[in-house]
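We count residues from 1, following the sequence as given.
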Amino acid sequence: MNAKFSAGFFTVSGPNVDACYAKFTASSVTVNLHPLPHKKNGTSKTNQTSIMHHSHDIAQKRKMSSRSVRKLEVVSPVPADIDIANSVEPFHISEIAKDLNLSSNHYDLYGKYKAKVLLSVLDELQGSEDGYYVVVGGITPTPLGEGKSTTTVGLCQALGAFLDKKVVTCLRQPSQGPTFGIKGGAAGGGYSQVIPMDEFNLHLTGDIHAITAANNLLAAAIDTRIFHESSQSDKALFNRLCPPNKDGKRKFSDIMFRRLKKLGISKTHPEDLTPEEVKKFSRLDIDPNSITWRRVMDVNDRFLRKITVGQGPEEKGMVRETGFDISVASEIMAVLALTTSLADMRERLGKMVIGNSKAGDPITADDLGVGGALTVLMKDAINPTLMQTLEGTPVLVHAGPFANIAHGNSSIVADKIALKLVGPGGFVVTEAGFGADIGTEKFMNIKCRYSGLIPQCAIIVATIRALKMHGGGPEVVAGKPLDHAYVNENVSLVEAGCVNLARHIANTKAYGVNVVVAVNKFSTDTEAEMNAVRNAALAAGAFDAVICTHHAHGGKGAVDLGVAVQRACENVTQPLRFLYPLDISIKEKIEAIARSYGASGVEYTEQAEKQIEMCSRQGFSGLPICMAKTQYSFSHIASEKGAPSGFILPIRDVRASIGAGFIYPLVGTMSTMPGLPTRPCFYEIDLDTTTGKVIGLS
């Protein structure tokens with residue numbers, strides 16, 4: 001794939017991909033491949049082979065010969081997710097790596113079924129062509145979720161195990177908040193899962209724990225610096241920051257030169273600083289009321305949303321109000337997801353702004369001297385984790401920001417590695433969190449901006465259940481049985497709810513990608529209801545709309561979706577378009593996003609106005625916007641279903657995630673620390689002490 005900038009937009013050219021169709025029998029799938037004529041500006045298979053012949057060893061071996069494909073024996077009714085996952089013995093991860101032409105020096109093993117893929121793979125494949133890039137979003141969900149992860153996995157199983165395409169699934173690492181809370185894990189479900197499912201949903205390779213440690217180290221550094229500055233003179237501070245060695249000589253540590261440069265001080269020896277320069281260098285003078293950096297933990301705990309710190313007698317009255325966020329809302333998680341290299345991550349971590357000085361200047365992690373230590377804690381986390389699906393197709397798991405309170409997408413480095421590994425004609429399928437109004441919007445306007453990658457197809461996952469809810473059906477509540485309206489045919493309710501689907505299609509099409517609707521079929525859905533969705537999707541401008549049974553049948557149930565996605569990628573004709581340019585004001589960007597929700601205007605609290613003015617004055621107005629908004633409605637009110645319009649969107653506060661590279665408005669009452677329900681998922685989770693297997697995980 002070749003990409004170039006034209007008039008502020010990406011334009012794309014690249015090879016055509018073989019089209020194919022699938023014929024089903026009762027017990028198996030027969031796939032017939034029919035090559036289509038290549039476009040004039042395409043690359044013929046002969047030329048592709050020639051190009052690969054002159055590439056690095058990995059690229060030379062792209063064509064798959066003997067994949068680790070597993071034939072599933074499905075049963076009905078579908079067993080519990082954990083029971084299906086436990087019934088399958090995964091391939092050793094080295095076998096999955098071999099399918100991607102990765103040798104043992106390209107990854108570090110984490111047990112038998114996980115491996116960290118090293119960033120050196122990207123260096124070795126530099127200049128190789130990318131595969132097709134597909135993002136999976138959804139309609140506005142119910143609290144039960146509509147199966148985006150399941151659809152993502154099922155599609156990749158279809159492409160790899162049935163359609164003979166080289167494919168990599170790119171997913172986020174699940175937070176333990178929803179895993180033990182309401183929603184459960186995020187490994188997919190039924191016969192479309194990532195395995196081992198328990199390892200995927202729990203600690204994985206420790207990336208979220210590394211983020212938690214790094215985040216809280218920075219939080220400790222902030223309060224400690226305020227504490228020490230409050231009780232020491234400029235000279236005493238300087239003497240402790242630059243202590244003399246045994247010969248009486250002082251020196252700056254390497255990280256201190258970053259602050260000196262920021263202050264415009266070019267001197268290299270501590271003894272040369274004037275008293276005024278000593279004060280500027282030593283005293284950050286952090287305004288406690290301006291601190292936006294909060295501590296984090298990877299558990300839903302509503303009672304930590306607001307706390308006070310510094311109440312111990314030895315803290316000398318340095319009490320301030322703060323709180324906890326969930327770990328995946330940390331800016332460090334966003335940095336991990338949006339970074340492009342180890343050096344880039346180091347710079348981003350150092351640039352993170354934690355608050356302001358009393359003079360109104362931004363204070364960064366590097367000002368506190370901790371940017372390098374944060375990078376050390378994150379040095380292994382930057383490498384994506386290789387896993388596998390039930391049918392043996394490869395998965396890269398990396399980063400895990402929520403889409404409602406963060407930017408909701410897996411990492412750029414995982415996608416870039418995957419696109420090189422699959423090569424021309426291959427597919428990388430990545431998931432964007434929650435509905436397309438937040439997850440896909442941030443994928444396009446934030447992730448694609450920083451990566452330079454260009455998607456050809458966007459999938460919108462829909463369910464009859466959610467569409468009935470948007471059509472006026474009763475409230476769907478996690479843990480309560482579904483109302484009879486959701487398990488009996490009601491075509492008119494489905495048709496009424498398709499207004500939600502139609503708006504998501506229109507919004508997503510505006511980015512220039514082909515939109516394919518995937519209807520995730522449940523056992524109670526009827527043919528008439530599914531036909532109503534398909535007709536509404538096509539009328540709204542979808543490239544195709546496909547009924548999928550991957551939950552019940554694995555990849556076999558998503559072959560039609562795979563064929564539709566392949567056609568959509570082949571036939572993309574529009575350049576990538578962003579929702580807003582970066583050179584307009586912060587408010588104008590917020591308002592452009594609000595219009596895509598259906599809002600007629602935006603109102604800002606006094607605090608939000610103050611923060612917008614501060615961000616603009618400090619030179620941060622050129623960043624993209626990452627809205628923190630409820631996932632359950634286009635509006636800020638979760639109970640407003642369908643496609644609400646004409647509402648005023650309230651912006652409560654605005655934060656600046658400078659290291660990650662976006663401005664972060666908080667819409668309405670959106671919280672960055674979820675709570676637990678009356679009956680959390682953990683009631684079902686236990687360990688079989690005889691076999692050592694996890695039970696009850698969903």
Side-chain angles (χ1 to χ4, degrees), residues 172-183 202-203 206-227 286 288-312 315 318-337 349 352-355 363 365 368 370 373-374 377-378 381 399-408 433 607 611 626 628-631 652-657 659-660 664-677 680-682:
R172 292 169 293 161
Q173 178 184 352
S175 163
Q176 290 176 175
T179 297
F180 292 107
I182 294 179
K183 194 168 178 283
L202 298 175
H203 306 287
D207 293 356
I208 291 180
H209 299 317
I211 289 163
T212 302
N215 184 101
N216 294 342
L217 175 61
L218 179 52
I222 295 165
D223 287 310
T224 297
R225 188 58 175 264
I226 295 172
F227 172 77
I286 298 169
N289 295 322
S290 74
I291 297 171
T292 55
W293 197 264
R294 292 154 60 95
R295 289 164 174 84
V296 300
M297 63 187 304
D298 196 35
V299 173
N300 290 358
D301 192 343
R302 66 176 70 244
F303 286 94
L304 291 178
R305 290 171 178 169
K306 184 177 286 190
I307 63 169
T308 56
V309 294
Q311 296 193 64
E315 279 61 64
M318 301 298 297
V319 177
R320 71 179 183 90
E321 188 177 277
T322 180
F324 274 74
D325 294 333
I326 195 162
S327 293
V328 292
S330 170
E331 184 176 352
I332 297 177
M333 174 62 85
V335 167
L336 178 66
L349 291 172
M352 294 187 303
V353 173
I354 59 88
I363 302 297
L368 285 156
V370 74
L374 301 181
L377 286 171
M378 294 294 295
F402 289 167
N404 54 352
I405 57 176
H407 81 283
Q607 171 66 11
Q611 290 300 107
C626 181
K629 180 186 79 71
T630 179
Q631 67 270 33
R652 181 179 92 242
D653 198 359
V654 174
R655 300 175 186 173
S657 294
Y664 178 29
L666 279 74
V667 179
T669 58
M670 197 66 209
S671 172
T672 50
M673 170 56 89
L676 290 170
C681 294
F682 60 62

Restricting to non-hydrogen atoms, name the atom on [X] and the atom on [Y] that form the minimum distance, rounded to 0.1 Å.
X: R172; Y: G400; answer: CB-CA, 3.7 Å
X: A381; Y: A210; answer: CB-CB, 4.4 Å
X: I208; Y: S175; answer: CD1-CA, 4.2 Å
X: A660; Y: A334; answer: CB-CB, 3.6 Å
X: L368; Y: R225; answer: CD2-CB, 3.7 Å
X: L217; Y: A373; answer: CD2-CB, 4.1 Å

Side chains of [X] and [Y]: closer than 4.5 Å at any heavy-atom pair?
X: Q611; Y: D653; result: yes
X: T630; Y: V667; result: no
X: M352; Y: I332; result: yes
X: T322; Y: I291; result: no

How long is the straight-line distance from [atom2] of [Y] back to [atom1] of [X], given to the nearest 0.5 Å?
X: D223; Y: M318; atom1: CG; atom2: CE; result: 8.0 Å
X: H407; Y: C626; atom1: NE2; atom2: SG; result: 7.5 Å
X: L218; Y: L349; atom1: CG; atom2: CG; result: 9.5 Å
X: I326; Y: N300; atom1: CD1; atom2: CG; result: 4.5 Å
X: I363; Y: I286; atom1: CD1; atom2: CD1; result: 6.0 Å
X: T292; Y: Y664; atom1: OG1; atom2: OH; result: 10.5 Å

Under 3.5 Å: donor-acceptor pair, side chain of [X], backbone of [Y]:
X: E321; Y: K306; answer: no
X: R295; Y: F324; answer: no
X: R302; Y: L676; answer: yes
X: R294; Y: R305; answer: yes

*Flag for T672-D325: side-chain donor and acceptor within less than 3.5 Å*: yes
_Using the side chain to side chain donor-acceptor pair (under 3.5 Å) definition, which of the options T212, D207, D298, N215 pairs with S327?_
T212
